[in-house]
Amino acid sequence: MHSKSKHQFEVTLVNDQKDDKVVQDEADLLTVREVAQKLRVDDTTVRRWIKNGVLEAITLPHRGTRQAYRIRRSTLDALLGPSQLPVNT
């Protein structure tokens, strides 16, 4: 029987290798599960989007059976924001 426990970790600085910026506040980073819940999809879908380049994420050091990622809140907000497609009038 597994007891549910919330895993907490401290992140003060995470180096994003893609554009060499430093994220300073862990509240600005979301887990795969948090993003999946907000988008109402499965965790596997979010991971697939990350691997296929659909969703930008920060790759954390591999510690478990699955690769750990963090998604910037601003990335998710941009995804959920209004579409930038032109409106035909």
Side-chain angles (χ1 to χ4, degrees):
M1 199 183 323
H2 289 63
S3 62
K4 290 186 178 182
S5 64
K6 187 172 184 175
H7 296 282
Q8 293 193 3
F9 60 93
E10 292 185 29
V11 174
T12 52
L13 296 175
V14 176
N15 191 9
D16 184 351
Q17 298 170 355
K18 189 165 189 171
D19 45 13
D20 206 26
K21 292 182 181 175
V22 176
V23 179
Q24 295 181 354
D25 186 1
E26 77 176 63
D28 289 335
L29 299 176
L30 302 170
T31 65
V32 169
R33 177 161 290 161
E34 290 169 332
V35 171
Q37 288 172 343
K38 289 183 182 292
L39 297 176
R40 301 172 100 182
V41 297
D42 191 72
D43 294 9
T44 306
T45 301
V46 174
R47 289 178 181 284
R48 186 178 323 114
W49 289 344
I50 292 169
K51 289 177 184 175
N52 291 336
V54 175
L55 184 61
E56 185 179 332
I58 298 167
T59 303
L60 299 180
H62 193 61
R63 295 181 69 186
T65 57
R66 291 181 133 181
Q67 179 64 55
Y69 300 103
R70 293 296 178 268
I71 298 91
R72 285 191 186 98
R73 186 175 303 279
S74 60
T75 300
L76 181 63
D77 291 345
L79 183 68
L80 295 174
S83 174
Q84 300 300 319
L85 296 176
V87 177
N88 294 332
T89 55

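Please read these numbers as outputs of a predicted model, since none were measured by experiment. All heavy atoms count here, side chains included; hydrogens, waters and symmetry mates do not.
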message: Between L55 and Y69, is there a side-chain heavy-atom distance shorter than 4.5 Å?
response: no
task: Show the numbers, then the answer: is there a side-chain contact (heavy atoms from CB on, under 4.5 Å) between R73 and E34?
output: CA-CA 10 Å; R73 186 175 303 279; E34 290 169 332; over 6 Å; no
- prompt: What distance do L39 atom CG and T45 atom OG1 have between them, rounded to the nearest 0.5 Å?
  reply: 9.5 Å
message: Distance check, rounded to the nearest 0.5 Å: K38 atom NZ versus D77 atom CG?
response: 8.5 Å
query: Within the distance-only criterion (no hydrogens, no angle test), does the side chain of N52 pair as donor or acceptor with the backbone N or O of V54 below 3.5 angstrom?
result: no
message: Evaluate L30 against T75 for side-chain contact (heavy atoms from CB on, under 4.5 Å), listing each step before the verdict.
response: CA-CA 10 Å; L30 302 170; T75 300; over 6 Å; no
statement: Taken to the nearest 0.5 Å, the spacing of R33 CZ from D42 CG works out to 9.0 Å
query: Which of these passes side chain to side chain contact (heavy atoms under 4.5 Å, CB included) with Q67: V32, I50, T59?
result: T59
message: What I'd like to find out is whether the side chain of I71 reaches to under 4.5 Å of the side chain of W49, using heavy atoms alone.
response: no
